[in-house]
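Structure record follows, encoded as structure tokens.
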Protein chains: 2
Amino acid sequence: MSLPHAILTALLEKPSSGLELTRRFDKSIGYFWSATHQQIYRELGKLEQSGFIRALPSAAPARGQKKEYEVLPAGRAELAQWAAAGQDPKPMRDPLLLRMRAAAVIGTGGLRAELERHLALHRAQLATYHGIETKDFPPERDSEQDRLRHLVLRGGIELETFWIGWLTEALGTLGDERMGEEPPREEPPREERSEK
Amino acid sequence: MSLPHAILTALLEKPSSGLELTRRFDKSIGYFWSATHQQIYRELGKLEQSGFIRALPSAAPARGQKKEYEVLPAGRAELAQWAAAGQDPKPMRDPLLLRMRAAAVIGTGGLRAELERHLALHRAQLATYHGIETKDFPPERDSEQDRLRHLVLRGGIELETFWIGWLTEALGTLGDERMGEEPPREEPPREERSEK
DNA sequence: GGTTACATGTAACGGGTTACATGATTTC
DNA sequence: GAAATCATGTAACCCGTTACATGTAACC
């Protein structure tokens with residue numbers, strides 16, 4: 001149940017319309033949460049029905065007309081309660097690590113190019129975040145809000161750094177061998193040792 | 001569409017029943033993919049219907065009776081194709097970073113304890129992974145399969161290390177101030193600079 | 001025979017993804 | 001007035017989550 005709270009947070013920072021929210025989720029909000037415009041409109045409807053937000057009176061409720069929303073006190077309370085509640089970290093689920101494990105069984109054909117592509121993407125993302133960091137968080141500023149937001153951005157930066165490091169490591173490991181398309185010679189299907 | 005391929009990978013490593021798969025997903029497979037038994041049974045049915053796997057003939061198809069599956073050639077081909085295809089990294093979506101950003105707006109009440117709890121969980125997970133690493137990947141062994149699997153485990157280890165580092169950083173940042181329950185003094189809702 | 005562990009499912013719900021639909025505004 | 005852009009939606013599908021259901025085997 002995180003999307004509604006992501007929207008509440010974004011609207012508290014600045015009242016917006018659905019499309020404006022979509023753009024913000026594609027940019028600065030994207031380094032901790034992502035959402036499509038379909039999700040956002042669906043969720044804005046629910047949040048309004050629940051009394052957590054309301055459309056600003058100036059906006060005409062017609063299709064094709066901009067509609068701006070702001071957070072109501074009930075919405076702020078809901079967000080505060082959610083943010084303070086205990087939530088366990090979600091179990092891991094990463095397709096790239098999975099594909100690497102699959103490659104261990106069926107062979108590494110084509111994976112190398114894919115790793116290099118991902119590496120480039122993560123490097124680009126990291127550069128973007130560094131850009132945001134120098135622009136938005138110069139050393140002198142340090143209000144509470146700024147320090148916390150900077151911390152969140154640091155999370156994004158460190159995650160990208162992790163990926164760059166791991167992908168580099170992976171390319172090094174793959175590089176040690178001839179680039180075979182064939183699956184590895186069939187070893188006897190030995191037990192997985194760590195599962196006994 | 002990763003779950004079916006996770007199951008194919010697991011079954012190639014060792015033919016198993018639904019419950020055995022569930023246990024494996026809770027243990028060593030868990031450091032790159034997670035799944036519940038309900039997901040697994042549902043998916044095993046689909047994979048069998050698609051002709052990617054089959055139940056070993058020895059097993060009686062009755063409720064409450066163990067049913068073991070193995071991968072058919074079509075399944076291996078499907079997995080190989082999927083693993084080699086291009087897939088973009090998924091956009092980020094992390095509830096804890098989101099809660100931190102929410103805290104920047106509504107105040108940090110209760111978050112500190114939550115960060116410490118997560119820190120302990122990640123430390124425990126890292127210790128588990130290190131245990132697997134020393135047990136399953138001693139320095140002398142280095143077949144192709146072992147090197148790739150070790151790489152995947154390294155991914156899990158480095159991710160946990162990232163979280164431990166970030167959470168420590170976060171606790172330090174929170175620690176710098178009096179632990180207030182009150183939201184930060186209302187600043188004028190200034191523009192978000194990086195979204196212009 | 002009652003309880004516990006093993007083993008395989010069903011059903012309902014909600015969020016995320018993709019494709020498509022429709023109205024309003026600006027630009028050429 | 002045709003095209004592009006802005007803006008708000010609808011619909012269908014799949015995956016993940018939660019709760020519940022049912023049958024078998026072992027143990028006491």
Side-chain angles (χ1 to χ4, degrees), chain A residues 1-8 11 15-27 29-30 32-50 53-56 58-69 82 87-95 98, chain B residues 1-8 11 15-27 29-30 32-50 53-56 58-69 82 87-95 98:
Chain A
M1 288 242 307
S2 293
L3 175 59
H5 303 95
I7 292 178
L8 287 173
L11 287 181
S16 306
S17 68
L19 192 61
E20 281 165 3
L21 279 176
T22 302
R23 294 204 208 292
R24 292 171 63 198
F25 272 86
D26 282 340
K27 290 191 200 171
I29 296 181
F32 58 93
W33 203 265
S34 76
T36 63
H37 81 271
Q38 293 91 335
Q39 284 180 276
I40 289 169
Y41 286 118
R42 188 204 278 161
E43 202 63 41
L44 283 173
K46 287 191 202 168
L47 285 169
E48 191 175 23
Q49 269 200 320
S50 308
I53 64 175
R54 64 159 189 181
L56 289 182
S58 59
R63 196 169 186 136
Q65 288 302 106
K66 192 156 91 168
K67 219 164 53 168
E68 292 225 309
Y69 292 92
W82 173 82
Q87 296 172 217
D88 285 341
K90 294 274 161 203
M92 173 114 101
R93 208 171 265 152
D94 185 88
L98 172 57
Chain B
M1 287 246 305
S2 295
L3 175 58
H5 303 95
I7 292 178
L8 287 174
L11 287 181
S16 306
S17 67
L19 191 62
E20 281 164 3
L21 279 176
T22 301
R23 295 203 209 291
R24 291 172 64 198
F25 272 85
D26 282 342
K27 291 191 201 170
I29 297 181
F32 59 92
W33 202 267
S34 75
T36 63
H37 81 271
Q38 294 91 336
Q39 281 180 277
I40 289 170
Y41 286 118
R42 189 206 276 164
E43 203 62 42
L44 283 172
K46 287 192 203 169
L47 285 169
E48 191 174 24
Q49 269 199 320
S50 307
I53 64 175
R54 66 161 186 179
L56 288 182
S58 60
R63 196 168 186 137
Q65 287 305 104
K66 192 155 89 167
K67 219 164 56 169
E68 291 226 311
Y69 291 93
W82 173 82
Q87 298 173 215
D88 285 341
K90 294 272 160 206
M92 171 114 101
R93 210 172 263 150
D94 185 88
L98 172 57

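What you see below is based on every heavy atom in this structure, not just the backbone, and it leaves out hydrogens, waters and symmetry mates. Being a predicted model, the structure only gives us computed values, none of them experimental. A, B, ... follow the sequence lines: proteins, then strands. Residue 1 opens every chain.
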Inset, instruction - Rounded off to whole Å, could you give me the CD1-to-C1' distance for the A:Ile7 and C:dG15 pair? - result: 12 Å

Legend entry - Residue B:Tyr69, side-chain heavy atoms: nucleotide from D:dG16, D:dT8, C:dG9 that is nearest: C:dG9

Legend entry - All side-chain hydrogen bond (donor to acceptor under 3.5 Å, both in side chains) counterparts of B:Ser16, not counting sequence neighbours: B:Arg24

Legend entry - Closest to side chain of B:Tyr41, choosing from C:dA7, D:dT24, D:dG9: C:dA7

Legend entry - Where DNA chain D forms stems, i.e. three or more consecutive Watson-Crick or G-U pairs with both distances under 3.5 Å: C:1-28 with D:1-28

Legend entry - Closest contact, heavy atoms only, B:Ala55 versus B:Lys67: CB-CG, 4.2 Å

Inset, instruction - Would you mind reporting whether A:Glu48 and A:Tyr69 have side-chain heavy atoms less than 4.5 Å apart? - result: yes

Inset, instruction - Round to a whole Å and report the spacing from CD of B:Gln39 to P of C:dT8. - result: 16 Å

Inset, instruction - Nearest-nucleotide wise, let me know which of B:His37 and B:Lys90 is further upstream toward the 5' end of DNA chain C. - result: B:His37

Inset, instruction - Could I get the full list of side-chain contact (heavy atoms from CB on, under 4.5 Å) partners for A:Gln38, not counting sequence neighbours? - result: A:Thr36

Legend entry - Selection from C:dG16, D:dT18, C:dG9 that lies nearest to any side-chain heavy atom of B:Thr36: D:dT18

Legend entry - Position toward the 5' end of DNA chain C (nearest nucleotide), B:Arg23 or B:Pro91: B:Arg23

Inset, instruction - Quickly work out the A:Lys66 NZ to D:dT5 P distance and round it to whole Å. - result: 18 Å

Inset, instruction - For residues A:Leu11 and A:Leu44, determine if any side-chain heavy atom of one lies less than 4.5 Å from a side-chain heavy atom of the other. - result: yes

Inset, instruction - Nearest whole angstrom, please: distance from the C1' of C:dG15 to the CG of A:Leu3. - result: 8 Å

Inset, instruction - Return the value, rounded to whole Å, for the distance between atom CG of A:Leu19 and atom C1' of C:dT25. - result: 13 Å

Inset, instruction - Rounded off to whole Å, could you give me the CD-to-C1' distance for the B:Glu20 and C:dA5 pair? - result: 15 Å

Legend entry - side chain to side chain contact (heavy atoms under 4.5 Å, CB included) assessment of B:Trp33 paired with A:Asp94: CA-CA 6 Å; B:Trp33 202 267; A:Asp94 185 88; 5.5 Å; no

Inset, instruction - Please state how far atom CZ in A:Phe25 lies from atom P in D:dA7, giving the value in whole angstrom units. - result: 17 Å

Legend entry - Whole-Å gap separating C1' (D:dT10) and CG (A:Leu44): 15 Å

Legend entry - Set of residues satisfying side-chain contact (heavy atoms from CB on, under 4.5 Å) with respect to A:Pro89, sequence neighbours excluded: B:His118, B:Leu121, B:His122

Inset, instruction - Give one of base, sugar-phosphate or nothing for B:Ser17, where a contact means two heavy atoms less than 4.0 Å apart. - result: sugar-phosphate

Inset, instruction - State which of D:dC6, C:dA7, C:dT17 makes the closest approach to the side chain of B:Arg93. - result: C:dT17

Distances under 3.5 Å between nitrogen or oxygen atoms of protein and nucleotides 11-14 of chain D:
none

Inset, instruction - Give, for atom CD of B:Gln87 and atom CG of A:Leu98, the distance between the pair rounded to the nearest 0.5 Å. - result: 9.0 Å

Legend entry - With sequence neighbours excluded, residues passing salt bridge (charged side-chain N to carboxylate O under 4.0 Å, His left out) with B:Arg23: none

Inset, instruction - For residues B:Phe25 and B:Ile40, determine if any side-chain heavy atom of one lies less than 4.5 Å from a side-chain heavy atom of the other. - result: yes

